[in-house]
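Throughout, a chain's letter reflects where its sequence line sits, starting with A, and its residues are numbered from 1.
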Amino acid sequence: MFNNLGHPFPVLLFDEVIDLVRGERIKTFKLITANEFYLAGHFPGNPIVPGVLTLEGMIQSAIFLVAETFSRGKLECSLQKVGRVRFKRPIYPGDRLEFSVQVDKREDPNWHFRGQAQIGQENAAEAQFSLHVDFREVGFEI
Amino acid sequence: MMENKEIQEILPHRYPFLLVDRITHLEPGKKAIGLKNLTGDEWFFQGHHFFPPVLILESLAQVGGIVLAAKAKEENPPARFMGLFAGVTDFQFYRSAVLGEQVTLKVELTQSLANVYRFAAEALVQEEKIASGQITLSFSPT
């Protein structure tokens, strides 16, 4: 799905959508297990989720939100800017990571987002980022 | 200059998350230039030919880690330490790098406070800047 949206990442980094308000916000989650292939190298014998994949989870949640906001047409999203990210604590196998992403401002074709990644009540990461959203309508209204 | 074998002596990252191939220039504690080759069978190329933008951030962070680790090793060869990606500020993506390209990764330490280190970072393909901004690492002895 993400390939069709123009976004290059081979792995989906959230498991389920918990809450979604079109054009506004989304909440998703991902369970972290020791079997994730990337943990083999990050780091051998010491699995810690790479911070950039936490960021990727927020970006993918944002793209899903954009895709759900448009009902039809051809959509391509690309990461344009990362304004600010703070990784606040390491994330380990066994954690349940919850992503909350809100549209901060929409200045078509650029959408600005604000996101948090939480484990329980604890903030694991915060981010501000912008996507370039290219949408073309196809088909007819009847 | 540092070959991949030496990079693996200084960084804990391994497949599939070692994202720098060679260091072509190194001033420990100050700056470094690294190289990441993008070739056909890498795990992140599935159905497309783009290097995912968050992995550009990770590649640059790894070169930053080498700058700090090389300095720590220089001062105290048996030293053990832990580096983690702490944040990103004002990072702009201009275009994607694609399969068949060599990405040059330039980082330069601009600020340090306690165990937090900030770098100016840019990724280039040949002479063209494809992404740039600031990255922050935390780095401390263990």
Side-chain angles (χ1 to χ4, degrees), chain A residues 1-13 36-60 62-63 76-92 110 115 117 123-132, chain B residues 7-8 11-20 38 41-62 64-65 80-99 116 118 121 130-138 142:
Chain A
M1 167 196 160
F2 284 95
N3 288 341
N4 295 338
L5 294 176
H7 181 68
F9 206 85
V11 190
L12 185 60
L13 281 161
E36 321 260 359
F37 78 98
Y38 47 83
L39 293 178
H42 195 280
F43 304 97
N46 180 22
I48 297 174
V49 177
V52 296
L53 296 193
T54 308
L55 174 62
E56 179 69 20
M58 291 190 257
I59 293 167
Q60 290 187 0
I63 291 173
E76 272 188 33
C77 296
S78 57
L79 182 64
Q80 188 208 21
K81 189 180 173 170
V82 175
R84 183 179 185 277
V85 182
R86 292 296 172 264
F87 302 112
K88 296 184 169 263
R89 57 150 276 187
I91 298 161
Y92 303 109
N110 299 320
N123 251 357
E126 294 171 359
Q128 287 166 31
F129 57 90
S130 307
L131 295 177
H132 183 271
Chain B
I7 292 176
Q8 295 198 26
L11 281 187
H13 303 71
R14 292 294 180 273
Y15 176 82
F17 232 71
L18 179 58
L19 293 171
V20 53
L38 299 175
D41 59 352
E42 299 197 70
W43 61 267
F44 43 76
F45 293 134
Q46 283 179 25
H48 61 79
H49 296 140
F50 302 105
F51 191 38
V54 298
L55 297 186
I56 292 182
L57 295 173
E58 179 65 25
S59 291
L60 288 164
Q62 292 181 10
R80 296 182 60 80
F81 33 78
M82 182 70 186
L84 281 176
F85 207 158
V88 182
T89 310
D90 291 330
F91 206 98
Q92 193 85 40
F93 296 91
Y94 303 104
R95 77 152 168 97
S96 301
V98 299
L99 194 155
V116 177
R118 178 169 284 189
I130 61 162
S132 70
Q134 295 170 58
I135 58 173
T136 314
L137 306 182
S138 73
T142 53

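- Per-residue heavy-atom pair counts under 4.5 Å with chain A were compared for B/Phe50, B/Phe85, B/Tyr15, B/Phe45, and the maximum is reached by B/Phe85.
- Contact count against chain B (heavy-atom pairs under 4.5 Å) is highest for A/Gln80 among A/His132, A/Gln80, A/Lys88.
- For the set B/Ala86, B/Ala131, B/Ser96, the entry with the most heavy-atom pairs within less than 4.5 Å of chain A is B/Ala86.
- Atom CH2 of B/Trp43 is separated from atom OH of A/Tyr38 by 9.0 Å, given to the nearest 0.5 angstrom.
- A 4.5 Å side-chain heavy-atom check between B/Phe93 and A/Ser78 finds every atom pair outside the cut-off.
- Within the 4.5 angstrom heavy-atom criterion, atoms from both the backbone and the side chain of B/Phe44 approach chain A.
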Give every donor-acceptor pair under 3.5 Å between a side-chain atom in residues 39-52 of chain A and any protein atom, sequence neighbours left out.
| unit_1 | atom_1 | unit_2 | atom_2 | d |
| --- | --- | --- | --- | --- |
| A/His42 | ND1 | A/Ile48 | O | 2.7 |

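- Scanning both residues, A/Arg86 and B/Val88, for their nearest heavy atoms gives NH1-O, 3.3 Å.
- Distance alone, capped at 3.5 Å, places no donor-acceptor pair between the A/Arg84 side chain and the B/Gly87 backbone.
- In this structure, the portion of B/Leu84 lying under 4.5 Å from any heavy atom of chain A is its side chain and not its backbone.
- Most heavy-atom pairs under 4.5 Å with chain A, from the set B/Ile135, B/Thr136, B/Thr89: that is B/Thr89.
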Just list the side-chain donor-acceptor pairs under 3.5 Å for residues 53-62 of chain B, sequence neighbours left out, or say none.
| unit_1 | atom_1 | unit_2 | atom_2 | d |
| --- | --- | --- | --- | --- |
| B/Glu58 | OE2 | B/Gln62 | NE2 | 2.9 |
| B/Ser59 | OG | B/Leu19 | O | 2.9 |
| B/Ser59 | OG | B/Leu55 | O | 3.1 |
| B/Gln62 | OE1 | B/Leu19 | N | 2.7 |
| B/Gln62 | NE2 | B/Phe17 | O | 2.8 |

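- Side-chain atoms of A/Lys81 and B/Asp90, non-hydrogen and from C-beta on, do get closer than 4.5 Å to each other.
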